Each structure stands twice: as structure tokens, then as C-alpha cells.
Amino acid sequence: MGSRGNIQSSNLGDVCDRIRLRFNSRKAFHAQRLLAGKVVLDNGFTTIEKIGGLDLAYSRDRSLGVAVLALIDFQTLELDKCYYSVARTCIPYIPGLLAFREMPPASLLLSRARKLGFMPSIIMVDGHGIAHPRKLGIASHIGVVFDIPTIGVAKKRLVGIEQGDMVVDNETGKVIARIVRRGKKKVYVSIGHKVSLATAVEIVEKTWITGRLPLPTLVADRYTKRLKEILSRVEPGEFGECRYNRLLE
DNA sequence: GCGACAG
DNA sequence: ATCTTGTCGC
């Protein structure tokens, strides 16, 4: 047997191990700076028919991630459709590098949604947009890669200084995010891609009708937690339609 | 060296 | 994010 062995008997580790070994923060930083230069900070759309909410959950051993895209009618705020996708999680959570952990299930999901013609006008992503150390949080990352308008909606601050209802950049002093409150709850809203901060805030305020998050991400979050239950009986790469009918139970 | 640190 | 026990409020 040659030094390379073969696929079946290889003891070089599986694909996830190899992805993990090839990964390093220096290259990740470089990719983020590259993509950050492509972010568009103005509205790249005119009307919103459907708004999407994107969120993820993990199996208890964290080996699998499930991404959910909830499609909501922007006028009636009724749930239209809901899709999910499952993928292995190879990269650990590292502040500032969240996208490298969550992109596999998310990109699988969005590429399928696009192929099937179910891409919404804009997507609300659970995480920051440009309010990020290298101006490319996961919301912006997804927006640029899929060339779709995105809004970053995070529950906690990652960078910047809070001044009232805004978050300003440590160095430039520019506003990088706005804090939207509803009762005791608050979220950090930032530009993801192809949307202005003012419009992003308006969209969050219009869709935040109850709970701790605006409706798109709230619905995605609920489905994501329901789908955790079937993760142990599911193959990575699976794509499907959410099968739960009750929006809020 | 010491804190801060999306999900 | 996930796990987990107890507590507060509608």
C-alpha cells in the first residue's frame, strides 16, 4: 500500500477534521476584509413582499447545526413558508468569526431556497452586520455572498460604545448600530447588506410585535429549537420544509 | 498581562 | 449557542 492509502482505510481524519486543520484566523480575517469591501450600505430594494428570518441551533454535542429560514409576508406578518437545512459544524465559536461556524448550514439552506425560487426580498439574520471588528458580521457575510439585502439583529453587543440608542465605532465615532427596544428587551440592529441603517431599524420596529425578538428571527428561532429534536435522526446535508403549524404556542 | 468577547 | 434549578410575573 502506498503512502496515501485510500479513502476507505484513510486514518487522516474526516472532512470536518481537515476543514478544521486548514482553518486559521489569519486567512479568515483576510476573507472578511475582502468581503467587507463589497458591503452596500444603501437600500438595494424597493418593496418587500416576503421578509426572511434566519437562525441556527445545534445538537447537544454540537456536531450538527440546523439552519431555519422563516418566510413572512411583510404586509400581513403571517408565516408563509419555512425551510431548514442541516450540516456538520466543523469550526468552533470564536467571537468575530461566527460566520465560519454557521455558514455551512446557512449557505446550504439559502442556495436551495434560491434554486427553488423562495428567496425573500430581505433577510433578518441573528447576529451582527457591520457592527463587527472587521465590518463583516454574519449578516453582512451572508448578504454579500448571496447578494441579497440583510439586516443584522443581535441580542448582545460585540464592538463599539453604547451612547443612548446608538452604538458608535471605537475609533471613528461613527454610528455602526442602533439599539431598538421593546419593553425590557433590546436588540442591536446594524446594516447587513443593501439596506440603510434607518430602513433596517424601521423594519425591525414594524416586525417586532411580541417576544424577545422581531418576528422573522423569533419564528426562525422557535422552529430551530423544535428541529433540534430530530437532529439525531438526520443526515448532514438534509433540506426540508418545517412541519410544525403553530406559529406561537 | 488583563478584560472583552455576536452565536 | 447549550445545560440547568429555581424564581418572578402575567
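Throughout, a chain's letter reflects where its sequence line sits, starting with A, and its residues are numbered from 1. Atoms considered below: every heavy atom in the structure, side chains included; atoms not considered: hydrogens, waters and symmetry mates. As the structure is a computational prediction, the values presented were derived from the model and not from experiment.
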Set out, in order, the CA-CA distance, both residues' side-chain angles and the distance that settles side-chain hydrogen bond (donor to acceptor under 3.5 Å, both in side chains) for A:Thr199 and A:Asn43, then state yes or no. CA-CA 8 Å; A:Thr199 299; A:Asn43 292 345; 2.8 Å; yes

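No donor-acceptor distance shorter than 3.5 angstrom exists from the side chain of A:Trp208 to the backbone of A:Leu215, with no hydrogens or angles considered.
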In 5'-to-3' order, the base (B), backbone-only (S) or no-contact (-) status of each nucleotide in nucleotides 1-10 of chain C, using a 4.0 angstrom heavy-atom cut-off, is SBSS------

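In this structure, A:Leu71 is a member of the same hydrophobic cluster as A:Leu227, with clusters built from ILVMFWY side-chain heavy atoms closer than 4.5 Å. A:Val144 is connected to A:Ile130 through a chain of hydrophobic side-chain contacts under 4.5 Å among Ile, Leu, Val, Met, Phe, Trp and Tyr, so both are in one cluster. Hydrophobic clustering of Ile, Leu, Val, Met, Phe, Trp and Tyr side chains at less than 4.5 Å, counting indirect connections, keeps A:Leu56 apart from A:Ile123.
Ring centers of A:Tyr83 and A:Phe239: under 6.0 Å apart, within the cut-off.
Among the atoms of the strands shown, base atoms are found under 4.0 Å from some heavy atom of A:Leu97. Residue A:Gly65 is out of contact with every strand shown, counting any heavy-atom pair closer than 4.0 Å.
For the residue pair A:Glu238 / A:Tyr84, a side-chain donor-acceptor distance below 3.5 Å is found, with atom types taken as modelled.
Shortest non-hydrogen contact noted between A:Gln32 and A:Gly96 is NE2-O, 2.9 Å. Closest approach of A:Asp221 to A:Arg212, counting heavy atoms only: OD1-NH2, 3.2 Å.
In the displayed structure, A:Lys206 atom NZ is contacted under 6.0 Å by more than 12 heavy atoms of other residues, nucleotides or ligands.
Nucleotides of DNA chain B that come within less than 4.0 Å of any heavy atom of chain A span, from the 5' end to the 3' end, B:dC5 to B:dG7.
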Both distances under 3.5 Å, Watson-Crick or G-U wobble: on that basis, could you give the dot-bracket string for DNA chain B, with [ ] for crossing pairs and | for other-strand partners? .......

